[in-house]
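This report refers to the structure that appears directly beneath it.
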Amino acid sequence: VTRQRHVPMVQKLQKTVEIPEVQYIDSITRVHCQNCRQVPMLQTQERTVEVPQIEYVDEVIEVPVTKERQVPMIQTVPKTVLVPQLEYVDTDIHIPVQKHRHVPVVS
């Protein structure tokens, strides 16, 4: 079995196309004109001005400075202390004293 296919053919046709014409319309517009003018220059002149001089005369004055300080308060608290009482018992003991005498030796 053979099949047949139809393949479309490309055909070139010439066609006439109407192109509209372009029309240019000129219109006159006013353009502002720039004028050049001479502007006068300002000149500055120097002037000498006397400025008064101020003289300060300082005087040294001693000002006492007081300082405040916090001093802690000392409180005395009475305390009872038990002191043991000591009793000294003196007894007299007789100790014989030996006297040493130097005897010269005669030779």
* Nearest-0.5 Å distance, CD of residue Glu68 to OG1 of residue Thr66 -> 6.5 Å

* **From Met41 atom CE to Gln38 atom CD, the distance as rounded to the nearest 0.5 Å** => 12.0 Å

* Asked: Can you tell me how far OG1 of Thr44 sits from CG of Leu42, rounded to the nearest 0.5 angstrom?
  -> 9.0 Å

* Asked: Roughly how far, to the nearest 0.5 Å, is the NE2 atom of His6 from the CD atom of Gln4?
  -> 7.0 Å

